[in-house]
Amino acid sequence: MTYITKPRLHHPKLPTNALGYTRRDYEGAVSTLCAGCGHDSISAAIIQACFELDLEPHKIAKLSGIGCSSKTPTYFLGKSHGFNSVHGRMPSVLTGANLANRDLLYLGISGDGDSASIGLGQFAHCIRRAVNMVYIVENNGVYGLTKGQFSATADKGSKARRGAVNTDAPIDLVGLALLLGASFVARSFSGDKAQLVPLIKAAIEHNGAAFNNNPESTKSFDYVRAHNEAVNYLDVIVARDEITADYAPGTVETVVQHDGSILRLRKLAIDYDPYDRVSALTYLQQRHAVGEVVTGLLFVEPDSGDMHEFLDTVETPLNRLGEAELCPSTEILARFNAAHR
């Protein structure tokens, strides 16, 4: 599929949004990920969210690191700005871009390997600095791109297909985001489009660090491998049906993965209070103790600020300032230094 070009023509009667764009205008290249992969479901949800919010693609910047998840920006928002950085360093690159041009909407796409292992420190500092971005971690507990090793989010005691047992305690990125002060924290299942799309829309409209942890299968550590059984045959991928879930708020849904493992999803009840950070942390731990993965809007801080507010930067994006503003005179520097003595 890597050589297939997506046709530019589309049906003339496709629905349009307030800007006159169709959903096709928010798409990217043809995906080369395994058929049925949850990453593609998340890409589709991002496309739908941006279409429904009437966003201008050229005013969006998408950045990623390394891994299956970090390949996905190629498959959505083909007309937006994009930068594929090095492994685990997406947050610092995005922070620099955000400081230079605050007028863009920033989407940071990462995975459990990219953010919970080599990029854990970057993840932490990006959250605590309140960079105005939507930070999406596509978390499936496995290094899919390198064929099935446990990631840092894999549960202790989990067994891989070849019999290896994970002996390390897992890192809970959602709990960590809450502890670090993220002002919008949510988690969803890639197969639950009815929940995932509104959560992404809410994260986009939130001012501050919005963290979305979208597990295509938190408990199934060979999920991506299951889509690529013919790994030794060039361009031969065994297709699997996409796993979806549709269940009511306050209920638990048991989802059977392709490898037979079980994922128990608990959707937050309507009366859940998303404004209490401590209660959110307690609830996450309570449900984790009984083997459930909580999904929904876990926490939101309505009046949150962002990095530009805390640093008191100018309203004009730095990339639009001239030499006179960026290079102050000797007299101005002298006055500034004197004020800090």
Side-chain angles (χ1 to χ4, degrees), residues 6-31 39-64 69 72-83 94 97-98 100-110 130-138 182-214 246 274 296-297 300-309 315-317 319-320:
K6 179 174 288 188
R8 294 185 178 182
L9 297 177
H10 56 75
H11 196 281
K13 293 186 178 180
L14 283 179
T16 59
N17 59 16
L19 298 176
Y21 292 129
T22 70
R23 190 180 182 280
R24 290 289 306 276
D25 293 315
Y26 295 89
E27 295 178 355
V30 176
S31 175
H39 292 325
D40 285 333
S41 300
I42 297 170
S43 295
I46 294 172
I47 291 169
Q48 188 66 29
C50 293
F51 169 74
E52 293 180 5
L53 287 175
D54 306 319
L55 300 178
E56 295 182 274
H58 68 280
K59 292 185 178 180
I60 301 173
K62 51 184 183 177
L63 292 91
S64 63
S69 58
T72 62
T74 303
Y75 313 135
F76 61 81
L77 297 174
K79 298 179 181 178
S80 70
H81 304 279
F83 192 91
L94 186 147
N98 189 296
N101 188 356
R102 62 189 299 170
D103 284 351
L104 296 178
L105 167 65
Y106 289 92
L107 298 178
I109 311 299
S110 188
V131 180
N132 193 5
M133 64 178 294
V134 179
Y135 197 134
I136 296 179
V137 176
E138 301 178 2
S183 54
F184 184 106
V185 182
R187 176 164 58 195
S188 189
F189 174 56
S190 64
D192 189 357
K193 183 180 179 180
Q195 183 191 63
L196 183 54
V197 173
L199 283 179
I200 293 177
K201 290 170 65 177
I204 289 173
E205 297 202 310
H206 177 76
N207 180 47
F211 173 69
N212 280 269
N213 183 34
N214 304 306
D246 185 9
L297 176 56
V300 61
E301 187 177 324
D303 300 321
S304 63
D306 73 340
M307 176 179 60
H308 285 279
E309 180 180 335
E315 289 294 329
T316 304
N319 67 343
R320 298 181 191 172

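Every heavy atom of this structure was used, including side-chain atoms; hydrogens, water molecules and symmetry mates were not. Here the structure is a predicted model, which is why all the values come from computation and not from measurement.
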Has [X] got a side-chain atom pairing as donor or acceptor with [Y]'s backbone, closer than 3.5 angstrom?
X	Y	value
Asn17	Phe51	yes
Ser69	Ser110	yes
Ser304	Asn207	yes
Tyr106	Val131	no
Tyr26	Leu55	yes
His81	Lys59	no
Lys62	Leu77	yes

Measure the spacing between [atom1] of [X] and [atom2] of [Y] and express it to the nearest 0.5 Å.
X	Y	atom1	atom2	answer
Leu196	Ser41	CG	OG	8.5 Å
Leu104	Asn319	CG	CG	8.0 Å
Asp303	Ser183	CG	OG	10.5 Å
Leu199	Ile204	CG	CD1	11.0 Å
Ser64	Glu138	OG	CD	9.5 Å
Arg24	Thr16	CZ	OG1	15.0 Å

Close side-chain approach of [X] to [Y], heavy-atom, < 4.5 Å:
X	Y	value
Asn98	His308	yes
Ile136	Ile46	yes
Ile42	Thr72	no

Under-4.0 Å salt bridge between Asp306 and Arg102: no
Check this for me: does any side-chain nitrogen of one of Glu205 and Lys201 sit under 4.0 Å from a carboxylate oxygen of the other? no
Measure across [X] and [Y] and return the closest heavy-atom pair with its distance rounded to 0.1 Å.
X	Y	value
Asp25	Lys79	OD1-NZ, 3.5 Å
Tyr21	Pro57	CE1-CD, 3.7 Å
Gln195	Phe189	OE1-N, 4.2 Å
His206	Asn132	O-OD1, 3.8 Å
Phe76	Ile109	CZ-CG1, 3.8 Å
Gly305	Ala130	O-CB, 4.0 Å

Does the pair Arg320 and Asp103 meet the rule for a side chain to side chain contact (heavy atoms under 4.5 Å, CB included), with working shown? CA-CA 11 Å; Arg320 298 181 191 172; Asp103 284 351; 3.3 Å; yes
